[in-house]
Amino acid sequence: MAQYDILVKHIIDLFAREFACLALDTPEVEILGRLTTEQPTLKMHHNDVTLKVQLHGGETAILHIEIQTDDSREKPMPLRVLAYSSFLMLQHEMPVYSIVFYLRPPAGATDPGRLHHRYGPELGLELDYKVIRLYELEGEPVLSSDAIGLLPFTPLMSPPSGTSGRVWVEKCVSAAVDAPVDETTRATLLFGMSVFGSFVHPDEFFRELITEEIMQESPFYESLRQRHLQEGIERGARAHAIENTLAVLNARFPGSDVDRVKAILEGVGDLERLKTLNLNASLVPSFEVFLRGLDN
């Protein structure tokens, strides 16, 4: 998700009220302001979006929104939401309502939306938050509404019964083209649609309908393109380092369980670490010594 953060946050920043209405399932919400979300922990973290809102009845609260492309890997989502909401409540001393949006199916399928621990009648911890899987929402009502900020995510949503994926994408793109916004915002909506829509539809659906010239009008087009290129280079370098390491191990220690090493190496995200292991494969006296080095 990290590579899409800036695009998602910009869209929500432009159309905060639409996302707040969807998150809280009410049209009666007013955005009072946006809050800084840097948490002073050992590892700095920025929540996706944190808004100060006024709800129906006059209650002032904090709306905390997390956007997930896939399931949370580093920490279970209930623990993450607990950390975020606790920090926000402590800092601002007002109610915090947390919502997690999941984009790509089947992300969030097992997210319970709650964290409950209980020890006897007196000890425990309870946290409830809302889980919205965008890919499970009906898309037609969104296209029929004036929720312009949700348009980039409509291709992820369920089309009307009997509507093919291609026809649905055409309808979503048409709605973005006709949206009453300036050209730069329209380009960002269409660019976002091509990015997020490709999670569930073939890329060519969007390439046929949205020209590169239009998407280039978005201020996020070039930065994301460069990031994708860099990620491609890094993936290639990682694959090359793994391939070289396995080749050295096979040549030096024939008959060893190199397949076991391959699975471990593919889980190493740090390119410099992979380069070090590649060098170690040429220097270690035995396959067992190399295996022990994998744990260091």
Side-chain angles (χ1 to χ4, degrees), residues 1-15 18-19 22 48 67-71 101-108 132-239:
M1 181 62 195
Q3 65 268 39
Y4 308 121
D5 275 357
I6 187 172
L7 177 58
V8 171
K9 290 179 180 179
H10 177 75
I11 293 172
I12 297 180
D13 190 55
L14 286 177
F15 303 98
E18 287 143 335
F19 283 88
L22 175 61
D48 280 348
I67 306 291
Q68 288 288 125
T69 303
D70 299 296
D71 289 312
F101 285 91
Y102 287 96
L103 305 185
R104 178 171 25 213
I132 297 179
R133 303 171 186 90
L134 286 177
Y135 57 86
E136 291 183 349
L137 299 184
E138 295 293 330
E140 187 65 35
V142 177
L143 289 189
S144 301
S145 71
D146 59 356
I148 297 172
L150 298 179
L151 288 176
F153 307 97
T154 51
L156 297 166
M157 301 176 186
S158 299
S161 178
T163 303
S164 69
R166 183 182 292 273
V167 171
W168 176 239
V169 169
E170 290 174 355
K171 193 168 185 178
C172 295
V173 170
S174 178
V177 169
D178 294 338
V181 295
D182 61 78
E183 292 307 309
T184 299
T185 300
R186 190 186 326 282
T188 296
L189 293 176
L190 289 167
F191 177 50
M193 188 174 286
S194 72
V195 170
F196 303 121
S198 63
F199 291 165
V200 296
H201 298 286
D203 288 341
E204 56 264 27
F205 284 11
F206 301 94
R207 288 199 298 267
E208 292 169 2
L209 297 167
I210 308 172
T211 66
E212 189 170 359
E213 289 75 17
I214 290 176
M215 292 191 292
Q216 285 175 344
E217 294 297 318
S218 169
F220 302 95
Y221 175 81
E222 186 61 27
S223 61
L224 274 181
R225 191 181 74 87
Q226 291 297 330
R227 187 173 297 185
H228 278 301
L229 289 175
Q230 183 60 36
E231 288 175 351
I233 293 172
E234 291 179 0
R235 282 195 300 270
R238 287 183 65 254

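In what follows, residues are counted from 1 in the order of the sequence shown.
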Does Pro160 reach the side chain of Trp168, with side-chain heavy atoms less than 4.5 Å apart?
yes

Spatial distance of atom CD (Glu217) from atom OG1 (Thr185) [nearest 0.5 Å]
11.5 Å

Quick one: closest heavy-atom pair of Ala176 and Met193, and the distance?
CB-CE, 3.9 Å

Do you know the tightest heavy-atom contact between Gly149 and Pro152?
O-CD, 3.3 Å

Atom pair CG/SG of Leu190 and Cys172 - distance to nearest 0.5 Å:
11.0 Å

For Glu170, does its backbone N or O pair with a side-chain atom of Ser174 as donor and acceptor, under 3.5 Å?
no

Calculate, to the nearest 0.5 Å, the distance between atoms CZ and CG belonging to Phe15 and Leu151 respectively.
8.0 Å

With side chains defined as the heavy atoms from C-beta onward, is the minimum distance between Ile11 and Val8 less than 4.5 Å?
no

Met215 and Ser194: which non-hydrogen atoms are nearest, and at how many Å?
SD-OG, 3.3 Å

Any side-chain heavy atom of Phe196 sitting closer than 4.5 Å to one from Leu134?
no

Decide yes or no for Leu14 and Leu189: does some side-chain heavy atom of the first lie under 4.5 Å from some side-chain heavy atom of the second?
no

Heavy-atom donor-acceptor pair, Asp71 side chain to Gly108 backbone, under 3.5 Å
yes

Test salt bridge (charged side-chain N to carboxylate O under 4.0 Å, His left out) on Lys171 and Glu140 and set out the steps.
CA-CA 10 Å; Lys171 193 168 185 178; Glu140 187 65 35; 3.0 Å; yes

Of the non-hydrogen atoms in Leu150 and Met157, which two are nearest, and what is the gap between them?
O-CE, 4.5 Å

Roughly how far, to the nearest 0.5 Å, is CD1 of Ile67 from OH of Tyr102?
11.0 Å

Note, Thr154 side chain near Leu137 side chain (heavy atom, < 4.5 Å)
no

Under 4.5 Å between any side-chain heavy atoms of Val195 and Phe206, yes or no?
no

Nearest non-hydrogen partners of Val177 and Arg186, listed with the distance:
O-NH1, 2.7 Å

Can you tell me how far OG1 of Thr188 sits from NE2 of His10, rounded to the nearest 0.5 angstrom?
5.0 Å

Determine whether Phe101 and Leu22 satisfy the following criterion, side-chain contact (heavy atoms from CB on, under 4.5 Å), listing intermediate values before the conclusion.
CA-CA 10 Å; Phe101 285 91; Leu22 175 61; 3.5 Å; yes

Between CD on residue Glu18 and CD1 on residue Ile12, distance to nearest 0.5 Å
11.0 Å

Indicate yes or no: at least one non-hydrogen side-chain atom of Pro180 is less than 4.5 angstrom from one of Ile148.
yes

With side chains defined as the heavy atoms from C-beta onward, is the minimum distance between Phe205 and Pro155 less than 4.5 Å?
no

Of all heavy-atom pairs linking Asp70 and Gln68, the shortest is O-NE2, 2.9 Å

